[in-house]
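Structure record follows, encoded as structure tokens.
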Amino acid sequence: MTDKHAVVDFATDWDHTDPEWVNDPYPIWEDLRLRCPVAHTDRYGGAWFPASHAGVSKVAKDTDTFTSRAVVIGNGRPTEEDLPAPIGLAPPITSDPPFHQIARKLILPAFAPRPINALEPQIRALCNALLDEVVGEEIVNASQSYARLIPPAVIRQMLGFPEADTEKFIEMVHVIVEAIDLPEEERIEQFVPVEEYFTRQIEEHQANPRDDLTTFLLNAEIGGEKLAVEHVFGTMVLILVAGIDTTWSAVGASLWHLAQNPEDLARLVHEPELMTVAIEEFLRFYAPVTMARLVKQDVEYLGCPMKEYDWILLGFPAANRDPVVFKDADKFIIDRAENRHVAFGLGIHRCIGSNLARLELRVAIEEFIQRYPKFELANRNDVTWSQGQIRGPRNLPLRILA
Amino acid sequence: MKVVIDGDICQGQGRCFSIAPSLFDFDDLGNGVVLGDGTLSAETLELARLAQANCPEHAIFIVESS
Ligand code: HEM
Ligand code: SF4
């Protein structure tokens with residue numbers, strides 16, 4: 001978007017794609033919390049941004065006033081065609097009550113701790129295989145050659161798609177994840193080969209059911225009826241879109257932190273029992289996900305005159321830095337004992353993949369630091385961050401130290 | 001003292017059973033459940049408080065045993 005003007009005041013004209021926000025949003029949010037806890041912008045057809053934990057929490061839990069029919073901020077105000085209510089494009093993330101709970105309960109069992117924890121050995125083997133690929137290299141792009149490749153390979157396995165298709169699958173997933181911001185027509189075009197591949201996989205699973213997520217979805221029922229193939233397909237796409245960029249970003253940001261904080265790295269190497277609490281602090285401090293809501297109808301809320309179909313951006317990462325809720329909120333404390341962070345959201349849309357995300361994040365960091373107990377940023381200026389509602393490093397060249 | 005989870009508030013964030021597996025477990029949907037009747041000793045009270053302080057949904061309550 002070349003015609004965009006730079007932001008002068010984030011309180012009255014914020015833009016989450018502004019380079020300043022993309023590179024380092026934390027000082028912006030801190031400033032907003034102090035002087036304007038609910039920022040506004042006329043961009044995107046009109047949008048609000050609560051910067052405090054209280055504001056984020058109130059909106060996330062209030063499904064009467066706000067709808068999830070669109071959760072990614074588009075170029076302007078949404079039209080009715082953009083909002084296929086009440087189920088939404090990608091249930092359950094785009095669904096509101098009461099349908100939301102039905103669509104959510106359907107997939108929750110597949111992501112509960114027991115089935116997810118069983119994946120640990122495979123994820124560990126995968127991380128090791130990726131590290132073997134770059135063995136001996138002095139500089140490793142930990143985002144492109146490591147973090148990026150873990151989540152899609154895990155989901156490929158969960159869906160029960162052929163192992164030989166791993167590379168192809170990863171390419172496809174990145175098409176989907178990137179296409180999500182494209183205009184409708186281009187998105188449909190990009191989706192064609194993906195749709196063909198998924199349809200073939202679904203048919204293959206219908207012929208040969210087995211113990212995997214695809215078969216689980218094909219057998220799932222709502223009110224005694226099997227799901228339509230489109231629902232199965234939509235849920236698969238949601239799992240890809242929700243599970244890949246996000247986890248990639250969390251692994252990348254954690255390694256970015258360790259590359260610059262040798263004392264934290266050394267503690268994790270020498271006190272592996274810290275890992276469980278450290279993971280929660282990585283998630284708090286570098287929470288990658290921000291999600292949007294739409295205002296259902298004109299309302300005075302958090303002291304602001306909100307209009308029907310104004311956007312409201314839920315800054316879970318900003319809430320995680322609010323000093324009202326977190327002691328020394330702006331400090332990364334690797335053994336922080338009390339940590340009520342909201343990286344996975346709050347309320348009924350709480351991340352379904354949180355058990356999986358935590359497992360991937362923990363194993364990815366454990367294996368990386370086991371292999372490379374010392375590393376640093378190769379060149380600070382080569383690190384780039386994604387733009388948009390998922391934030392994480394997209395290039396992360398690390399120098400491996402002896 | 002007793003620890004209880006309010007099932008209407010819990011969203012299965014999973015912090016309680018990761019911090020205090022001796023006090024909490026999870027159901028098939030991944031929501032938190034209290035093991036046994038939730039009665040706390042002096043030591044497990046500390047642990048229950050820690051789990052409570054980490055539940056993002058504020059779904060954990062420590063109450064007088066009746
Ligand atoms: C570190 C990694 C991740 C983070 C930080 C994250 C964060 C989030 C957040 C904040 C939400 C709430 C969205 C909202 O309120 O509108 C959410 C929802 C969701 N996430 Fe994740 N996520 C991660 C990984 C995953 C993974 C690995 C999967 C699955 C494979 C997944 C699947 C979902 C689904 C299906 C929802 C929708 C739940 C609903 O609407 O009921 N996520 N995630
Ligand atoms: S930590 Fe809270 S929300 Fe999470 S499972 Fe336990 S009680 Fe439920």
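Convention: sequence-line order gives letters A, B, ...; per-chain numbering from 1.
- Residue contact with chain A, scored on non-hydrogen atoms closer than 4.5 Å, involves the side chain of B:Leu50 exclusively.
- When heavy atoms are compared at a cutoff of 4.5 Å, B:Asp28 approaches chain A solely by way of its backbone atoms N, CA, C and O.
- Enclosure of atom CG in A:Asp328 by more than 12 non-hydrogen atoms of other residues, nucleotides or ligands within 6.0 angstrom is indicated.
- With a threshold of 4.5 angstrom between heavy atoms, A:His349 does not approach chain B through any atom at all.
- One finds the CZ atom of B:Phe26 at 8.0 Å from the CG atom of A:Asn355 (value rounded to the nearest 0.5 Å).
- Distance alone, capped at 3.5 Å, places no donor-acceptor pair between the A:Asn339 side chain and the B:Asn54 backbone.
- For chain B, the nearby part of A:Lys61 is the side chain; its heavy atoms alone come within less than 4.5 Å.
- A:Glu280 has a carboxylate O that lies under 4.0 Å from a charged side-chain N of B:Arg15, or vice versa, which qualifies the two as a salt bridge.
- Considering all non-hydrogen atoms of both residues, A:Pro113 and B:Gly30 come closest at CD-CA, 3.8 Å.
- Per-residue counts of heavy-atom pairs under 4.5 Å with chain B were compared for A:Pro115, A:Gly347, A:Cys351, A:Pro109; the largest is that of A:Gly347.
- Looking only at distances, no side-chain donor or acceptor of B:Gln11 sits under 3.5 Å from a matching main-chain atom of A:Gly345.
- Within a 6.0 Å sphere centred on CD of A:Glu225, heavy atoms belonging to other residues, nucleotides or ligands number 12 at most.
- Top candidate by heavy-atom pairs under 4.5 Å with chain A, chosen from B:Gly12, B:Cys55, B:Cys10, B:Ala53, is B:Ala53.
- In terms of heavy atoms, A:Val342 sits closest to B:Pro56 at CG1-CB, 4.4 Å.
- Atom CD of B:Glu46 sits in a sparse spot, with 12 or fewer heavy atoms from other residues, nucleotides or ligands closer than 6.0 Å.
- The structure places CZ of A:Arg340 at 6.5 Å from CD of B:Gln52, a figure rounded to the nearest 0.5 Å.
- Atom-to-atom distance recorded for A:Arg114:CZ and B:Asp25:CG is 6.0 Å, nearest 0.5 angstrom.
- For chain B, no part of A:Ile116 is nearby; none of its heavy atoms comes within less than 4.5 Å.
- Note: A:Ile107 CD1 to B:Leu29 CG = 11.5 Å, rounded to the nearest 0.5 Å.
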